[in-house]
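Have a look at the structure below before the remarks.
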Amino acid sequence: MIVVSYRGPVTSAGDGDTTVIRRATGGLVNTLAPALASRDTSWLFTTGHPGWSAEVRRRADEMFGGSGRLHPVAVDPETAHLHYDLFANSLLWPLFHNGFDRSHAPSYDRLFHRAWRGYQEVNRLVAAEVAVLARPGEAVVVHDYQLMLVPGMLKRQRPDLALAYFHHIPFVYPDSLGTLARPVAGQVLSSLNAVPAGFQSTRWQRAFEQCCRDYLETRDSFSFVAPVGPDIHHLDTRAGTADVARHRSALRRVSGGRRLVGRVDRADPMKNVERGLRAADLLLTESSDLARNTVFVHHLVPTRESVPGYREHADTLDRLARDINARHTVDGRPPVIVYREDDYDRAIALLAEYDVLLVNPVREGMNLVAQEGPLLNTRSGVVVVSEECGSSELLADAALGVHPLDVAQTAEALRYAIEMGPDERAERGRRLEAAVRHHCATPWHDSVVDLARLLRTGAA
């Protein structure tokens with residue numbers, strides 16, 4: 001089986017045998033990493049590194065138990081910038097999250113057309129590598145919006161393969177897809193029409209099927225829904241480490257007996273951290289008791305700082321947090337604390353220690369944090385979740401749902417969660433954990449691969 005993604009499970013720096021290898025972080029990597037241990041798997045991904053020695057490959061493979069094999073595909077920096085920064089993340093990411101104000105953006109100038117050619121080139125490179133690597137009839141699952149042209153290319157080059165594509169972020173309806181130049185949208189949909197296409201929720205599947213009806217003359221394949229879940233064994237193992245215990249102790253000292261409202265997110269505008277902070281500000285303004293007895297702890301991972309606007313957005317969040325603390329600090333204890341770093345152990349500790357978890361993205365394919373929280377939390381923590389988050393379908397029975405743009409509603413949900421009695425908290429916590437554990441009963445990637453193989457043999 002071959003896993004194909006733009007980002008791989010490791011990052012590398014340096015030259016020759018001195019190359020430093022470290023495990024990558026992020027939701028997609030954590031989702032796919034168990035596949036390396038569960039099956040005879042090859043993981044093909046792009047890298048800016050010109051080449052790995054045999055020794056570096058051995059060390060990288062051993063990070064994942066040695067059962068899987070890693071296959072980096074080198075992409076030159078300029079092409080990677082056009083593909084990743086300018087097309088995938090400056091155009092496709094906001095497009096699929098309904099993040100454009102079309103009176104201002106996007107604007108299809110010559111740079112856009114260069115970026116589109118860069119996107120096509122990276123997809124061609126990846127498809128060519130897979131075509132050479134794959135054994136006859138092998139299962140190949142291509143992941144996410146950075147590689148949407150690969151399925152169609154592989155279908156033409158290797159029709160013998162058991163192919164599938166999985167889209168981890170939201171999909172859009174035809175009126176929003178119309179933001180793309182029609183030839184671009186047509187190529188994307190034609191590629192995804194060639195293979196079974198998977199989605200995190202029925203909402204995104206329905207949007208995709210409507211686009212296919214509006215843009216394509218014939219529908220050659222079909223779509224399916226396979227919501228992803230956390231790797232429970234990995235979480236349990238990591239939560240028991242000394243580093244996590246140290247961070248948990250530090251969080252208890254920071255909270256000082258106050259109710260802890262936590263969030264764990266990348267510093268991405270679509271995560272909606274700014275409106276979450278404004279809801280906290282509103283809550284603290286309206287209640288002096290909450291200002292004394294509540295602390296909002298944010299673990300924000302820096303992300304895509306080479307993409308225009310991302311670093312500025314993170315700086316805006318820092319300023320807003322400082323402004324809130326200037327108005328609401330009581331007895332020298334600030335109510336908002338922001339950690340801006342990629343520290344996985346601190347994130348795990350915060351998920352174990354929160355009394356309330358806020359997950360309010362503007363729009364999101366799934367969101368693993370909303371599921372990891374109930375698995376890790378030891379304080380009968382309440383989850384406040386955006387209705388535009390894919391995980392909201394799974395958690396609807398026990399979480400508190402909010403509209404992500406409604407700051408006043410979010411503030412009221414946070415107030416209710418903070419003041420909730422112990423019996424209701426415990427009951428909601430039990431239902432949340434049970435829902436996630438039931439959802440994770442089958443290894444997610446294995447089920448997607450099995451589906452691709454069944455479809456290839458005509459058994460489904």
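When reading the values below, keep in mind they use all heavy atoms of this one structure, side chains included, and skip hydrogens, waters and symmetry mates. Values in this document were obtained by computation on a predicted structure and should not be read as measured data.
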Worksheet item: Taking all non-hydrogen atoms of both residues, which atom of Leu92 and which atom of Tyr119 are closest, and how far apart?
Response: CD1-CE1, 3.7 Å
Worksheet item: Is there a side-chain contact between Val384 and Asn360, using heavy atoms and a 4.5 Å cut-off?
Response: no
Worksheet item: For the residue pair His234 and Tyr344, does the interplanar ring angle fall in the parallel (under 30°), tilted (30 to 60°) or perpendicular (over 60°) class?
Response: parallel
Discussion item. Would you say Arg117 and Gln120 are linked by a side-chain donor-acceptor pair, where the criterion is simply a distance under 3.5 Å?
Written reply: no
Response to the item:
Nearest heavy-atom contact between Gly229 and Cys440 is CA-SG, 3.8 Å
Practice prompt. Check the pair Val126, Tyr6 against side-chain contact (heavy atoms from CB on, under 4.5 Å), reporting the backbone distance first and the verdict last.
Written response: CA-CA 9 Å; Val126 170; Tyr6 184 76; over 6 Å; no
Discussion item. Any salt bridge linking Arg158 with Glu138? Criterion: basic side-chain nitrogen under 4.0 Å from a carboxylate oxygen.
Written reply: no
Discussion item. Any carboxylate oxygen within less than 4.0 angstrom of a Lys/Arg side-chain nitrogen, looking at Glu78 and Arg114?
Written reply: yes
Worksheet item: Quick check: are there more than 12 heavy atoms from other residues, nucleotides or ligands sitting under 6.0 Å from CZ of Arg110?
Response: no
Response to the item:
Tyr354 and Gly262 have their tightest heavy-atom pair at CB-N, 4.2 Å
Worksheet item: Between Asn98 and Tyr173, is any side-chain donor less than 3.5 angstrom from a side-chain acceptor?
Response: no
Item to complete: Output yes when a side-chain donor or acceptor of Thr285 lies under 3.5 Å from a complementary backbone atom of Asp281, and no otherwise.
Response: yes
Worksheet item: What is the minimum heavy-atom distance between Leu277 and Val336, and which atoms define it?
Response: CD2-CG1, 3.9 Å
Item to complete: Would you please test Arg206 and Glu209 for salt bridge (Lys or Arg N to Asp or Glu O under 4.0 Å) and show each step?
Response: CA-CA 5 Å; Arg206 286 197 300 267; Glu209 288 294 343; over 6 Å; no
Worksheet item: Nearest heavy-atom pair of Glu393 and Ser201: which atoms, and what distance?
Response: OE2-CB, 3.5 Å
Fill in: Test item: Asn123 side-chain N/O and Val150 main-chain N/O as donor-acceptor pair under 3.5 Å
yes
Worksheet entry | Proximity of Phe166 and His168 rings by center, below 6.0 Å | yes
Fill in: Criterion side chain to side chain contact (heavy atoms under 4.5 Å, CB included) against Leu300, the qualifying member of Val264, Asp268, Leu317
Leu317
Worksheet entry | Proximity of His299 and Tyr339 rings by center, below 6.0 Å | no
Discussion item. Please confirm whether the ring centroid of Phe96 lies under 6.0 Å from the ring centroid of Phe171.
Written reply: yes
Discussion item. Please determine whether a side-chain nitrogen of the Lys or Arg among Asp323 and Arg278 lies less than 4.0 Å from a carboxylate oxygen of the Asp or Glu.
Written reply: no
Discussion item. Testing the basics here: between Gln409 and His403, what is the closest heavy-atom pair and its distance to 0.1 Å?
Written reply: OE1-N, 2.7 Å
